[in-house]
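Scroll down for the structure; my scribbles are underneath it.
Because only heavy atoms are used, hydrogens play no part in the values below, and waters and symmetry mates are left out as well, while side chains stay in. Every chain is numbered from 1 and lettered A, B, ... according to where its sequence line falls, protein lines coming before strand lines.
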2 protein chains.
Amino acid sequence: MIGDEQLDATFSALAHPTRRAILVRLAQGSATVNELAEPFDATLPAISKHIRVLEAAGLVTRGKEAQFRPCALDTKPLEAVASWTDQYRFIWEARFDAMDRLLNGMKGTPNE
Amino acid sequence: MIGDEQLDATFSALAHPTRRAILVRLAQGSATVNELAEPFDATLPAISKHIRVLEAAGLVTRGKEAQFRPCALDTKPLEAVASWTDQYRFIWEARFDAMDRLLNGMKGTPNE
DNA sequence: TCATTATTAAACTAGTTGGTTAATTAATCA
DNA sequence: TGATTAATTAACCAACTAGTTTAATAATGA
């Protein structure tokens with residue numbers, strides 16, 4: 001199970017496009033801070049702070065190799081997000097099913 | 001498809017426990033602002049502001065009935081979150097599969 | 001009309017966020 | 001050792017967030 005505070009940290013980490021872009025990059029494998037910073041206009045300290053936020057949320061783990069501090073993705077908090085959203089899935093699937101019945105002209109509704 | 005800004009708004013709306021609790025309540029059906037505020041210690045204006053944030057993210061839609069402004073859940077942004085997290089699913093499923101092979105003593109790995 | 005109920009607006013505050021530049025730490029390399 | 005490279009820390013700032021209290025709006029009901 002995942003606590004409220006863990007979800008707070010995860011959602012707020014995911015709320016920034018730069019941080020989401022960093023995660024997309026890390027999905028392809030580990031990278032150093034400089035490598036991660038390269039595609040962005042922001043300064044290195046700014047990226048460093050974003051990485052910290054991701055780390056605090058448990059989305060990124062860090063190693064230590066020579067003068068590099070390689071970052072790696074940890075998907076556990078994303079699994080937690082996925083199972084949180086799953087609690088609403090029945091609602092949008094119900095909506096989808098209703099749409100589907102409508103489009104197919106089959107009324108599987110109570111009054112038939 | 002969903003833009004970056006839409007995801008920003010959605011994730012940051014979901015980053016607050018009070019707002020997530022409001023959504024849980026709304027999953028059971030529409031409610032007025034006062035009904036939504038009832039379980040919390042916060043003042044009514046505070047809850048009103050939270051609802052606005054949810055509304056701005058498209059997670060809540062509002063009606064107008066007499067002096068009530070009933071809130072209803074809209075799951076579209078949650079679907080967007082679910083499909084965003086899905087792009088990482090292969091990673092955690094790979095991890096799960098590896099764990100599974102390990103526990104079952106079957107080495108389906110390259111060197112065999 | 002007047003009082004009540006539901007909700008929002010206004011004004012303010014403390015704390016956080018996201019960014020900057022300049023300085024510092026720490027490891028490698030010549 | 002000294003220079004270079006990688007990354008963080010410090011100090012600062014503007015904008016935003018989450019909350020408050022008090023006041024206003026708007027519809028209902030006596």
Query raised in the report: So, do L14(B) and L59(B) sit near enough that their side-chain heavy atoms are less than 4.5 Å apart?
Result: yes
Report task. Would you mind reading off the distance between K64(B) atom NZ and dA26(D) atom P, rounded to a whole angstrom? Result -> 8 Å
Query raised in the report: Any side-chain heavy atom of L54(B) within less than 4.5 Å of one from L73(B)?
Result: no
What N/O pairs connect the protein and nucleotides 7-12 of chain D at under 3.5 Å? Give each pair on its own line.
from	atom 1	to	atom 2	distance (Å)
dA7(D)	OP1	V33(A)	N	3.3
dA7(D)	OP1	R69(A)	N	3.3
dA7(D)	OP2	N34(A)	N	2.8
dA7(D)	OP2	N34(A)	ND2	2.4
dT8(D)	OP1	R62(A)	NH1	2.6
dT8(D)	OP2	S48(A)	OG	2.4
dT9(D)	OP2	R52(A)	NH2	2.9

Report task. Answer with yes or no whether the hydrophobic clustering places V53(B) together with Y88(A); edges join I, L, V, M, F, W, Y residues whose side-chain heavy atoms lie under 4.5 Å apart. Result -> no
Query raised in the report: Would you call the rings of F11(B) and F11(A) parallel, tilted or perpendicular if under 30° counts as parallel and over 60° as perpendicular?
Result: tilted
Query raised in the report: Are R95(A) and E79(B) within salt-bridge range, i.e. N to O under 4.0 Å?
Result: yes
Query raised in the report: Rounded to the nearest Å, what distance is computed from the CG atom of residue D8(B) to the C1' atom of nucleotide dG18(C)?
Result: 13 Å
Report task. Quickly work out the D41(B) CG to dT20(D) C1' distance and round it to whole Å. Result -> 14 Å
Report summary line: On DNA chain C, more 5' by nearest nucleotide between T18(A) and E65(A) is T18(A)
Query - Exercise: do R69(A) and T32(A) side chains pair donor with acceptor under 3.5 Å - result: no
Report task. Could you state the atom-to-atom distance from CG of L14(A) to P of dT17(C) in whole Å? Result -> 14 Å
Query raised in the report: At under 4.0 Å between heavy atoms, what does A46(A) touch on the DNA or RNA strands: base, sugar-phosphate, or nothing?
Result: base
Query raised in the report: Is the distance from OP1 or OP2 of dC16(D) to the nearest side-chain N or O of H16(A) less than 4.0 Å?
Result: no
Query raised in the report: Out of dT20(D), dG19(C), dA27(C), which nucleotide sits closest to the side chain of H50(A)?
Result: dG19(C)
